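Computed from a predicted structure; not experimentally measured. Hydrogens, waters and symmetry mates play no part in the numbers below; they use all other heavy atoms, side chains included. Quick note: residue numbers are just sequence positions, from 1.
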Amino acid sequence: MFFFPIIRAFLYIVLWVFSAVLLGLTAARLHYTTHLPLGDPLNQGHSFYDPIVAELIACAILSLIWAPLVIHMIHGRREYRYLSRVWHELLGLFVLWVLWLVGSAIATSIWPNLPSFCSQFEACRLLTAMLAFAWMGWITLTALMVTTLLYATANSSWAEPAHGHWVRENNPRASEYSQYSVSQRA
């Protein structure tokens with residue numbers, strides 16, 4: 001299945017872009033709420049911050065670090081001692097998936113119907129875009145998890161290097177960090 005690495009790399013690039021946009025939007029929201037101008041009707045003009053926005057910033061930063069690392073591992077055919085197996089990738093994706101789901105769901109429960117009542121204000125448009133990119137990032141992570149699960153199932157490669165290039169010294173399941181190799185079922 002040669003197309004799985006290409007699909008996974010594309011989805012990681014999409015995740016990186018969504019994370020970068022979300023980081024910018026959440027940073028703009030934090031800047032606005034921590035530097036409210038005098039007379040602003042929001043919170044009677046007292047500066048504050050939304051904890052869920054800080055959580056979304058953490059999601060974006062972790063994804064900005066994770067996506068290039070895995071792309072480098074997949075297409076650079078790199079192995080790291082503790083972070084190169086398919087199940088490692090799935091574990092990292094699951095942690096990010098839960099973080100993004102929690103952030104998106106709580107933010108949506110706080111600001112459920114923004115476009116219907118405050119779209120004329122820039123702060124509301126910013127929140128709407130922030131929610132949209134949070135959910136698009138979560139959807140991308142879901143697609144990545146499904147694609148990686150299909151890849152691991154199709155190749156029986158749960159404990160194999162995530163890059164999928166196992167051919168070395170005529171041993172199709174050889175790893176740089178293990179003396180053992182996994183034999184494929186007949």
Nearest heavy-atom neighbours spanning [X] and [Y]:
X	Y	value
Trp100	Ser63	NE1-OG, 2.9 Å
Ala27	Ile57	N-CD1, 4.1 Å
Ala123	Tyr32	CB-CE2, 3.8 Å
Tyr49	Ala54	CE1-CB, 4.3 Å
Thr26	Leu23	OG1-O, 3.1 Å

I need the [X] [atom1] to [Y] [atom2] distance, nearest 0.5 Å.
X	Y	atom1	atom2	value
Leu25	Leu131	CG	CG	10.0 Å
Leu15	Leu96	CG	CG	7.0 Å
Leu99	Phe94	CG	CZ	10.0 Å
Arg29	Leu127	CZ	CG	4.0 Å
Asn113	Thr108	CG	OG1	10.5 Å
Arg8	Glu89	CZ	CD	4.0 Å

Side-chain contact, heavy-atom cut-off 4.5 Å: [X] with [Y]?
X	Y	answer
Trp16	Leu64	yes
Leu69	Tyr12	no
Met130	Val53	yes
Thr148	Leu93	yes
Trp111	Ile52	yes

Whether His31 and His35 hold their rings parallel, tilted or perpendicular, with breakpoints at 30° and 60°: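 Geometry flag for His35 against His31: parallel rings.
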Residues Trp66, Ser19; criterion side-chain hydrogen bond (donor to acceptor under 3.5 Å, both in side chains); working and verdict: CA-CA 11 Å; Trp66 178 256; Ser19 299; over 6 Å; no
Any donor-acceptor pair under 3.5 Å from Ser104 side chain to Ala134 backbone: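 The answer is yes, because a donor-acceptor pair under 3.5 Å joins these two groups.
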Heavy-atom donor-acceptor pair, Ser109 side chain to Ile106 backbone, under 3.5 Å: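 Yes: the side chain of Ser109 pairs with the backbone of Ile106.
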